[in-house]
Each structure stands twice: as structure tokens, then as C-alpha cells.
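Below, read A as the first sequence line, B as the second, and so on, with proteins coming before strands; counting in each chain starts at 1.
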Amino acid sequence: MSLPGRPEPRHLRGFRDLFGAALTSRRRMIDTLVSVYERYGFTALETPALEYVDVLGKFLPEADSPQGGIFAFRDENSDWVGLRYDLTAPLSRVIAEYPELPRPFRRYQVGPVFRAEKPGPGRYREFHQCDFDTVGSASPLADAEVCGILSDAMEALGIPRGSYIVRVSDRKVLNGILERAGVRSDDADPNRVLTVMRAIDKMDRISLPGVRDLLGAGRVDESGDPTRGARLTPAQIEAIVRYLEVSRSDRPAHLREIGSLVAGSAVGEEGVAELARIDECLAKVGYGVDRVVFDPTVVRGLAYYTGPVFEVELTFEVKDETGATRRFGSVAGGGRYDDLVERFLGQKLPATGGSIGVDRLLAALSVLAPAPAGRMPGSVMVLVLHPSLAGESFALAHELRTAGLAAEVFLGKGSLRNQMKYADDRGIRCVVLVGEDELKAGTVSVKDLQLGGELAREVQSRETWKRERPAQVTVPRADLIPTLRSMGTSSTR
RNA sequence: GCAGCCGUAGCUCAGUUGGCUAGAGCGCCUGACUGUGGAUCAGGAGGUCGAGGGUUCAAGUCCCCCCGGCUGUACCA
């Protein structure tokens with residue numbers, strides 16, 4: 001679509017250009033999340049988008065090039081560098097690189113991360129995460145705090161209680177269940193445990209019968225694509241299913257049930273004890289099952305989590321363009337990862353935290369509370385009726401800004417008609433006109449474009465439209481600012 | 001990665017069994033309207049039909065391949 005020899009303007013798949021309103025609402029969301037994190041005492045951290053690939057932890061055991069999934073290249077010294085795919089790997093690097101940091105180290109971080117994977121609806125290759133982590137604390141209080149923060153964050157964003165839920169599980173409990181059922185990876189299937197966890201993770205999509213198939217022989221989806229199963233014995237499958245069906249509506253009851261299922265497994269009992277402490281803390285501050293539930297189907301990430309794992313799900317349903325019902329599912333997650341800093345320090349350092357997917361959450365919220373189609377509140381444009389009056393308009397715009405209004409002078413070229421249309425297209429709330437008439441009379445004309453647009457619907461004939469000049473007033477110049485304020489302009493955009 | 005569907009103006013699409021200069025609606029520009037965004041009317045700009053190759057007298061239409069998009073699925077630190 002471009003001329004020969006000229007580059008075609010285009011952008012990378014899975015990347016986006018974002019304009020005004022989208023960025024404004026993202027910034028607002030981030031501000032809200034940060035205020036919650038700061039209320040819990042976390043401090044800000046920023047790290048580079050680019051890291052050495054071995055720092056990111058993305059080298060395959062016996063390969064000299066990075067694993068797929070990240071954007072990577074060789075730097076001027078031929079070292080592999082790559083764009084970060086999350087904010088946790090850079091955090092673990094910071095912990096190891098600055099041993100003088102006070103521990104527990106508690107930081108939040110917001111920023112873009114990059115993943116070289118297939119984009120989908122609401123899934124991009126560059127997206128923003130908003131993380132908080134406590135590094136250097138093994139206390140379940142830290143985990144309970146993560147649950148509380150995730151819950152508080154959702155409500156601070158205006159998501160009503162009941163429209164979201166924080167789901168919590170513990171990897172140690174799952175390990176205990178597998179241990180008691182005799183499920184382990186071996187030579188016949190070195191990835192068996194991994195396959196089992198993947199199967200459980202799919203619970204929300206394929207439901208229990210599908211999970212059963214994946215624990216056993218495998219299943220074939222509607223496109224005819226086969227997925228290999230974990231090939232467990234019927235008794236093992238039943239043991240896992242019993243765990244997945246444990247009650248979730250009551251945390252103490254859940255603890256009793258899983259407690260009996262893992263009895264005799266040291267790791268399992270340890271996990272139950274952790275969850276019990278979390279429940280105790282949450283109950284003490286009144287976070288009931290309308291905010292945080294224990295749910296064995298939460299697995300997450302599958303790789304580095306070592307203890308409690310968290311997931312925030314939006315529970316309301318929406319209709320998409322085709323009228324089909326859709327759920328947003330997971331918008332945030334987290335968990336305890338006691339091994340992550342070990343690869344730098346050679347010793348375990350307990351850590352736990354959470355991560356909120358800003359862009360995904362933003363997409364969900366735009367459905368829950370669609371942005372009002374109104375104009376930028378408090379925006380004023382001073383039009384230029386004649387080139388010789390441009391200086392007058394320029395000065396007027398400055399005067400408005402000095403008074404705290406968001407005002408600009410029309411900088412393009414074109415007739416008044418064009419200027420009105422431009423202001424309308426831009427979403428400007430009010431326009432100010434100073435022409436010869438006004439100048440002579442010591443007045444200004446002010447038009448409320450929003451109100452005018454509403455009134456225009458009543459007007460049929462061009463003559464009436466012109467004669468009545470809906471939503472427009474001419475006032476003494478001294479009354480300009482009060483007039484604008486009465487029209488609903490404020491000092492912010 | 002695998003599978004299925006789809007690529008025609010800025011956008012949404014139509015285009016009969018291959019057949020003159022490829023159409024519509026919306027949007028955009030200009031004018032009716034000399035100082036007014038809406039509405040109405042009139043006119044206008046804009047497409048080597050995703051790229052390349054092949055079959056044919058003739059290809060937007062048929063075949064091959066590549067690229068891109070959508071959907072499902074797998075993977076997801």
C-alpha cells in the first residue's frame with residue numbers, strides 16, 4: 001500500500017497504538033492500584049525493560065539461544081539480551097544485586113512486559129502489569145496480605161463485592177494429594193505431575209468430565225486436536241477428583257476436608273497449615289468468602305510457585321458482539337515463590353506477591369461501566385474568526401489557562417464552520433468566539449458544544465438552526481470565565 | 001505449534017455459471033450557507049480487488065504458494 005522505496009506505515013502484530021482516552025483511563029487505574037499498594041507500605045521500583053536473557057532465566061538447559069516466548073537479540077558484545085516477560089524476574093535480579101536492601105523488601109512496580117506469543121482477544125504482546133511483592137518473608141501473614149490487597153484493589157477500582165472473587169489454593173496441598181495417591185513422574189512419563197496440574201488448571205474451560213479425560217487417556221477437542229492424558233489409574237483419578245470437589249463455600253470446612261485428604265503426607269499437612277493461618281488472618285479482619293475463597297482448581301503458572309497461589313476472577317458475565325455470553329475470567333494472580341532468587345544467591349529466599357493485568361482488567365471494566373460518551377470535561381477552544389484577530393484569541397486562551405481552565409487556541413486553518421467541526425470532532429466542551437462584533441462591543445460569544453449537540457436534535461430547518469444559535473450566549477468579556485464555569489468546564493481534562 | 005474460516009475504497013460489505021472503464025452505505029473533501037459543529041441537497045476525491053506465480057482469448061472470480069487476519073486448541077515463565 002505504499003509507494004516503491006517508501007516504508008509502509010504499519011505496526012507489529014500484537015502491539016498497539018493507544019490514544020487519549022484509553023491512556024487516560026489506564027493511568028487512572030494505575031493510580032488507583034498504586035494508592036492501594038502504598039497504603040500497605042510498598043515502595044516504588046523501576047527497572048529496565050531490557051535484561052540479559054540468563055537473568056530472565058530463559059535459557060534452555062543445553063541450548064545457547066533463548067527459549068521461545070521472549071523477544072531477544074544479541075547486543076554489541078554478542079550477549080543475548082531480551083525484553084522482560086514479567087516483573088518478577090527483574091525483581092529477583094534486584095534482590096540479588098543489592099544485598100544491602102532491607103529485608104523483607106516490599107516493592108510495587110508498574111510497567112510494560114513483552115511476550116512473543118500468539119495474540120488473542122484482549123491478549124497483546126506488550127501489556128502492562130502492576131505487581132507487588134514481599135521478598136524475604138516466609139510468614140503466612142504476607143500471603144494473607146496478598147489476598148487482602150487483591151481484594152482491596154478490585155473494590156478500589158469500583159468492582160462491587162460479588163462481582164469478583166479471590167481464589168486461593170496451595171501447591172503443597174496438591175503435592176500432598178498427589179503423594180498420597182501415588183502420582184509421580186517417572187521414566188514412563190517424566191512430565192506426569194506437570195500434565196496433572198495442567199489438567200486441573202483447565203477446570204474452568206472443560207469442566208470436570210474433561211479434566212477426568214485429561215487425567216486418564218486424554219481427550220480430543222471439537223477441532224479434532226488430541227491432547228495426551230496423564231494416564232493415571234482410576235483410583236488415582238478418583239483421589240484427585242475428590243480433592244477438586246471439596247467444598248468451597250466455607251473456608252474452615254474446606255480446611256477440614258482437605259486436611260483429611262492429605263493426612264499422613266508431611267508436605268500436604270504443611271500446606272493445610274499455611275492455608276489455615278491465611279484463613280485465620282483474613283477472618284480476623286473480616287474478609288469472608290464473599291471476597292476470598294479456597295478453591296483447589298487454582299494451579300497457576302505451573303512452574304515456580306511453591307506454596308499458596310492466588311487468582312482473581314471477575315464473576316460477572318457479558319454479552320459480546322455476537323450476543324454470546326462470555327466471562328472475563330482471571331484478571332490478576334500471584335503466589336509464593338520461595339526458590340526464585342535461589343539461582344542468583346544459591347540459597348532460598350521466601351517471597352510472595354501478586355500481579356494485576358492492567359490492560360485485561362481495563363477491557364473488562366469498560367464493559368461493566370462503559371465510558372460515558374461525553375466530551376472531555378472542561379475543555380475550551382478559542383476560535384479564530386479572522387487572521388488579524390489571531391493574537392486576540394491567543395491572548396484569550398492564555399487568560400483562561402491562567403484562570404485554571406484547559407484552553408487552547410485554534411491552530412489550524414479553515415472557515416469558522418471548519419473550526420466548529422474540528423472542535424466538535426475533538427470532543428471540546430466549549431468554544432469561545434471573538435470576532436469584530438464582539439471586539440467592538442467588548443463582549444465574547446461562548447457556545448456549549450455538548451448542549452448544542454443535544455438541542456440540535458430538535459431543530460429541523462436550517463433557518464431556525466442559524467437564527468437561534470442554540471446553547472450560545474454573548475456576554476461581557478469580564479463575564480467570560482464565570483460563564484464557562486457555569487457551563488460545566490472545570491480545571492482538569 | 002496444529003486445525004478450520006477469511007483477505008475487494010479510511011470503515012462495513014456487494015460483486016451472478018470467469019466477460020466492457022470494479023459498486024453501495026457510512027466516513028472524508030467542496031459548495032448551497034458572506035461569522036457557527038447537527039439536518040437536507042448537489043458535486044468530488046479515494047481501489048495495480050493482500051503479494052507472487054499459473055490456467056485462459058479473458059481472472060476480483062479457478063489452481064498453487066507465500067503473507068496477513070479471525071476462531072478453536074496446545075503452550076504460557
Side-chain angles (χ1 to χ4, degrees), chain A residues 1 3-4 8 10 12-14 53 56-60 66-70 82 84-90 92 113-121 123 125 129 191 194-195 198 201-202 205-206 210 214 218-228 299-305 320-322 324 330 333 335 337 340 355 375 381 383-386 389 414-439 445-472 474:
Chain A
M1 267 0 116
L3 295 167
E8 185 182 338
R10 70 213 149 109
L12 293 161
R13 192 162 81 110
V53 164
L56 292 174
K58 290 307 287 186
F59 271 109
L60 289 171
Q67 198 177 332
I70 68 168
R84 64 187 178 200
Y85 54 83
D86 69 11
L87 299 175
T88 310
S92 61
V113 301
F114 306 84
R115 297 185 187 182
E117 54 188 21
K118 182 185 158 189
R123 282 185 79 167
R125 293 181 146 191
Q129 289 194 328
N191 293 317
L194 209 57
T195 307
R198 282 174 189 157
D201 197 39
K202 290 189 182 66
R205 275 178 289 160
I206 62 179
L214 284 180
R219 81 188 268 273
V220 177
D221 66 45
E222 58 212 52
S223 78
D225 223 17
T227 306
R228 201 176 184 286
V299 179
R300 281 200 69 77
L302 311 170
Y304 62 54
Y305 290 116
D320 64 12
E321 313 79 55
T322 65
S330 176
Y337 49 98
L340 203 59
S355 173
R375 292 155 189 282
M381 182 176 287
L383 306 187
V384 179
L385 297 216
H386 187 272
L389 297 174
S415 62
L416 182 56
R417 178 189 172 85
N418 286 338
Q419 297 188 32
M420 293 291 289
K421 187 162 167 47
Y422 172 73
D424 193 33
D425 290 345
R426 282 271 312 274
I428 297 289
R429 177 64 196 266
C430 290
V431 292
V432 175
L433 297 83
V434 254
E436 285 179 31
D437 299 347
E438 285 86 353
L439 211 52
S445 294
V446 183
K447 182 162 192 172
D448 181 337
L449 290 182
Q450 180 163 297
L451 181 59
E454 288 161 18
L455 295 176
R457 268 176 261 143
E458 325 278 305
V459 179
Q460 289 94 14
S461 79
R462 175 87 195 159
E463 288 63 39
T464 326
W465 168 253
K466 283 199 71 172
R467 179 165 21 85
E468 294 189 354
R469 283 183 183 159
Q472 181 170 333
T474 299

Participant: Rounded to whole angstroms, how far apart are CE on M420(A) and C1' on C33(B)?
Facilitator: 14 Å
Participant: So that I can tick it off, tell me whether D201(A) and R300(A) are bridged by a salt bridge, with the cut-off set at under 4.0 angstrom between side-chain N and carboxylate O.
Facilitator: no
Participant: Considering non-hydrogen atoms only, spot the tightest contact between L87(A) and Q129(A) and give its length.
Facilitator: CD1-O, 3.8 Å
Participant: Could you work out the separation of G72(B) and G10(B) based on their P atoms and round it to a whole Å?
Facilitator: 29 Å
Participant: Counting only side-chain N and O atoms of K421(A), is one of them less than 4.0 Å from OP1 or OP2 of C28(B)?
Facilitator: yes
Participant: Examine U36(B): is either OP1 or OP2 under 4.0 Å from a nitrogen or oxygen in the side chain of R417(A)? Give yes or no.
Facilitator: no
Participant: Using a heavy-atom cut-off of 4.0 Å across all strands, would you classify E438(A) as base, sugar-phosphate, or nothing?
Facilitator: base
Participant: CG of L416(A) versus P of G35(B): gap in Å, rounded?
Facilitator: 8 Å
Participant: So, for G82(A) and L56(A), which heavy atoms are closest and what is the spacing to 0.1 Å?
Facilitator: O-CD1, 3.7 Å
Participant: Expressed as a whole number of angstroms, how long is the span from R123(A):CZ to G72(B):P?
Facilitator: 12 Å
Participant: Please report the closest heavy-atom contact between D448(A) and C430(A), naming both atoms and the distance.
Facilitator: CA-SG, 4.2 Å
Participant: With sugar-phosphate meaning primed atoms plus P, OP1 and OP2, does R13(A) contact a base, only sugar-phosphate, or nothing at under 4.0 Å between heavy atoms?
Facilitator: sugar-phosphate
Participant: Rounded to whole Å, please give me the gap between CZ in R426(A) and P in U36(B).
Facilitator: 22 Å
Participant: Whole angstrom is fine here: how far is it from CG in N418(A) over to C1' in G31(B)?
Facilitator: 12 Å
Participant: Distance check needed: C76(B) P versus E117(A) CD, whole Å only.
Facilitator: 10 Å
Participant: Does R125(A) use its side chain to pair, donor to acceptor, with the backbone of F114(A) at less than 3.5 Å?
Facilitator: no
Participant: When you measure only distances, ignoring hydrogens and angles, does the side chain of R198(A) come within 3.5 Å of the base of C76(B) through a donor and an acceptor?
Facilitator: no
Participant: Strictly distance-based, threshold 3.5 Å: is any side-chain N or O of E438(A) a donor or acceptor partner for the main-chain N or O of G435(A)?
Facilitator: yes
Participant: Quickly work out the D201(A) CG to A74(B) P distance and round it to whole Å.
Facilitator: 11 Å
Participant: Can you measure R429(A) atom CZ to G37(B) atom C1' for me and round it to whole angstrom units?
Facilitator: 15 Å
Participant: Reading 5' to 3' and counting Watson-Crick or G-U wobble pairs with both distances under 3.5 Å, write the dot-bracket notation for RNA chain B, | for bases paired outside the strand.
Facilitator: (((((((..((((.....[...)))).(((((.......))))).....(.(((..]....))).))))))))....
Participant: Checking Y305(A) side chain against V299(A) main chain: does a donor-acceptor pair fall under 3.5 Å?
Facilitator: no
Participant: Can a donor-acceptor pair under 3.5 Å be found between the side-chain atoms of K118(A) and the base atoms of G72(B)?
Facilitator: yes
Participant: Decide, applying a 5.5 Å centre-distance limit and a 30° plane-angle limit (both strict), whether Y422(A) stacks on G37(B).
Facilitator: no
Participant: Between K447(A) and R115(A), just flag the one whose closest nucleotide in RNA chain B comes earlier from the 5' side.
Facilitator: K447(A)
Participant: Indicate yes or no for a side-chain donor-acceptor contact from N418(A) to the backbone of K421(A) under 3.5 Å, with no hydrogens or angles considered.
Facilitator: no
Participant: Just checking L433(A): base, sugar-phosphate only, or nothing, at a heavy-atom cut-off of under 4.0 Å?
Facilitator: base
Participant: Name the nucleic acid region contacted by R228(A), choosing base, sugar-phosphate or nothing; use a 4.0 angstrom heavy-atom cut-off, strictly under.
Facilitator: nothing
Participant: Taking donor-acceptor contacts at under 3.5 Å, does the side chain of K202(A) reach the base of U73(B)?
Facilitator: no
Participant: Quote, to the nearest angstrom, the C1' distance that separates C6(B) from U12(B).
Facilitator: 15 Å
Participant: Of the nucleotides C76(B), A77(B), G37(B), which has the atom closest to the Y85(A) side chain?
Facilitator: A77(B)
Participant: Just call it for Q472(A): base, sugar-phosphate, or nothing, with non-hydrogen atoms closer than 4.0 Å on any strand.
Facilitator: base
